[in-house]
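Worksheet for the structure shown next.
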Amino acid sequence: MEGLIMTAQLLLGLSILVGVHEFGHLIAAKAFGMRVEKYSIGFPPKIWGFQYGETEYSFGAIPLGGFVKISGMIDESLDTESMSAEPEEWEFRAKPAWQRLIVMMGGIIVNVITGIIIFVFLVYSNGNSYIPKEELNKHGIVAYQLGQEIGLKSGDIILKVNGKDYDRFTDLRSMEVLFADQPTYKVQRGDSVFDLAFPEGFLNKLTDKKYKDQFISFRFPYEVGQVIAGTAAADGGLKAKDQILTINNEPALYFDQLKSLLTSNADSSVVATVKRADNSTATLTFKVSSEGTIGFQPSPLINYQHDEYSFGEAIPIGTSQAFNVVWANIKGLGKIFSGDVAVSKSLSGPIRIAQMFGGTWDWNKFWNMTGLLSMVLAFMNFLPIPALDGGHVVFLTYEIVSGQKPSDKFLENAQKVGMVILLSLMVFAFFNDIVQTIF
């Protein structure tokens, strides 16, 4: 069932984004009097469509893309037969270069606008909940495997990031920090303060699936929330609002301490000291499961800060979040070319993108992912690869600057080369997804 939900979210998100992207080309082309023959969400074979005016609107059976067919344009259809005749006034090739440039930028522009709108409305409707630095540093961080590898320990207090102050916990793991040339934390441990530099190759590990969620988290005290009936917690007498102080005389005030102690005592009985809601104490015995659990939901005792925004305030914040996605992709691409991040770890195809949506249908997460993908799609389409919009932009910019139009034969061959590159990337991304998922 989770797989179906992931797939459904991916297809719906892609259909929306491809639809608005191709609509951007269509509306710009029609604005300049160009004939648009076809508009399709999905690739052939066609499963449904209708004719309106000069344009056929349809849905294709392969829902991983879409296209518009503009008369007189060399595109992925490679329809070169019609290009041998003299251009008609309603053809793409008959229009001035600046108009053709706007048409080719139309899809990218609409994707950017869509991404901004989504992020603005998410900020406006949801506000922003976060753990401020002051709250975080009451208890410090939890260092998992990767955090420990760079020298962090649970309970460390992070004072600065890359030599600068920060506002909230998420700043510690932001792309701006992790993509820096030499990320550093200023750390307080007990009475000592020191700078800790991330080792070379750290980012490559951080993007590896086997190290997922193995860097750092925030540390929090907790109390018992829901006790699940029929579990060791219920049978042992644990109650809601209890606070577990120790397990086998080892401190368990923080939830990470509790998890570690229960995991190390899996399939064994443990003795817990518990503080009750009335401040009395009790000694309870639990049989820990093979998964290292006893059967209750923790209730974190940590103060989140929540900010609400007016629509006017949400516009610059949402716009900034949208363009941060583009900036992260630019820096990520630079890290790939520099060798700091392996292509196999950073390039995601349809399987891994579907996994990012998740196996439960959460509309907030769906729209957040769709907004992110809209900005990624705009960025990727702007790359100067001939079969992409960015390739057409390069040739049209050359024509505007030089006054000379590349020959139709050159454009045809460039389109073929671009399609080979794109198909190769798609095949690589798909099989890389399979390998990353399995291994």
Side-chain angles (χ1 to χ4, degrees), residues 1-2 131 135-158 169 172-173 187 189-190 205-206 208-304 355 358-360 436-439:
M1 188 63 181
E2 286 189 358
I131 301 171
E135 182 69 15
L136 170 69
N137 286 346
K138 289 179 183 177
H139 311 290
I141 55 98
V142 179
Y144 300 114
Q145 183 178 346
L146 283 183
Q148 293 168 13
E149 284 187 14
I150 69 172
L152 289 169
K153 292 183 178 180
S154 293
D156 282 350
I157 294 172
I158 299 178
F169 170 69
L172 301 181
R173 304 185 300 184
V187 179
R189 183 179 297 158
K205 276 192 172 182
L206 191 63
D208 194 323
K209 187 189 78 169
K210 70 180 180 180
Y211 291 112
K212 182 182 179 183
D213 300 326
Q214 287 298 306
F215 181 32
I216 60 173
S217 184
F218 56 91
R219 193 169 223 192
F220 61 90
Y222 64 98
E223 65 181 16
V224 175
Q226 179 187 3
V227 178
I228 302 170
T231 63
D235 295 342
L238 197 66
K239 300 177 181 179
K241 300 295 185 179
D242 281 352
Q243 289 181 263
I244 301 176
L245 305 179
T246 65
I247 295 288
N248 290 348
N249 294 320
E250 295 288 333
L253 293 171
Y254 294 108
F255 190 64
D256 63 286
Q257 293 176 323
L258 175 72
K259 283 180 63 177
S260 177
L261 289 167
L262 293 181
T263 300
S264 63
N265 286 281
D267 285 323
S268 302
S269 291
V270 296
V271 177
T273 303
V274 174
K275 180 182 177 182
R276 300 290 194 186
D278 61 2
N279 288 326
S280 64
T281 59
T283 301
L284 307 177
T285 301
F286 308 110
K287 179 67 164 57
V288 184
S289 72
S290 58
E291 291 81 24
T293 60
I294 56 176
F296 76 93
Q297 297 290 337
S299 179
L301 299 175
I302 194 164
N303 295 317
Y304 286 86
Q355 291 171 342
T360 57
Q436 295 294 326
T437 301
I438 295 174
F439 299 103

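Residues satisfying the side-chain contact (heavy atoms from CB on, under 4.5 Å) test with Arg189, not counting sequence neighbours, are Lys153, Asp156, Ser192, Phe194. Scanning for side-chain contact (heavy atoms from CB on, under 4.5 Å) contacts around Pro251 gives Gln257, with sequence neighbours left out. Legend: residues meeting side-chain contact (heavy atoms from CB on, under 4.5 Å) with Lys138, ordered by chain and number and at least two apart, are Glu135, Asn303.
Considering all non-hydrogen atoms of both residues, Ser154 and Ala143 come closest at OG-N, 3.1 Å. The nearest pair of heavy atoms linking Ile216 to Phe169 is O-CZ, 4.1 Å. Taking both residues in full, the closest heavy atoms of Ala266 and Gly292 are given as CB-N, 4.3 Å, listed atom of the first, atom of the second, then distance. The shortest heavy-atom contact between Val270 and Asn248 is CA-OD1, 3.5 Å. Annotation for Leu146 and Phe215: closest pair CB-CA, 4.0 Å, computed over non-hydrogen atoms. Annotation for Leu238 and Ile294: closest pair CD2-CD1, 4.4 Å, computed over non-hydrogen atoms.
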key: side-chain contact (heavy atoms from CB on, under 4.5 Å) between Leu245 and Val274, intermediate numbers included   = CA-CA 6 Å; Leu245 305 179; Val274 174; over 6 Å; no
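Remark: Ile131 CD1 to Ser217 OG distance equals 7.5 Å, nearest 0.5 Å. Interatomic distance, Ser299 OG to Gln243 CD, rounded to the nearest 0.5 Å: 10.0 Å. For the atom pair CD1 of Ile141 and CG of Leu172, the computed distance is 8.5 Å after rounding to the nearest 0.5 Å. Between atom CG of residue Leu206 and atom CD of residue Glu149 there is a gap of 11.0 Å, rounded to the nearest 0.5 Å. In this structure, CD1 on Ile244 lies 7.0 Å from CG on Leu262, to the nearest 0.5 angstrom. With rounding to the nearest 0.5 angstrom, the CD1 atom of Ile158 is 8.0 Å from the CG atom of Asn137.
Between Tyr222 and Phe296, the ring-plane angle classifies as parallel under the 30° and 60° cut-offs.
Screening residues 245-270 for salt bridge (charged side-chain N to carboxylate O under 4.0 Å, His left out) gives Arg219-Asp256 as the qualifying pairs, with residues at least two apart or on separate chains. Pairs of residues two or more places apart, or lying in two chains, that qualify as side-chain hydrogen bond (donor to acceptor under 3.5 Å, both in side chains) and include a residue from residues 275-290 are Asp242-Arg276, Asp278-Ser280, Ser289-Glu291, Ser289-Thr293. Sorted by first and then second residue, the pairs that involve residues 224-241 and meet side-chain hydrogen bond (donor to acceptor under 3.5 Å, both in side chains), not counting sequence neighbours, are Glu223-Lys241.
Of the listed residues (Val288, Leu258, Thr273, Val271), just one forms a side-chain contact (heavy atoms from CB on, under 4.5 Å) with Ile247, and that residue is Leu258.
For Phe220 and Phe218, the gap between ring centers is short of 6.0 Å.
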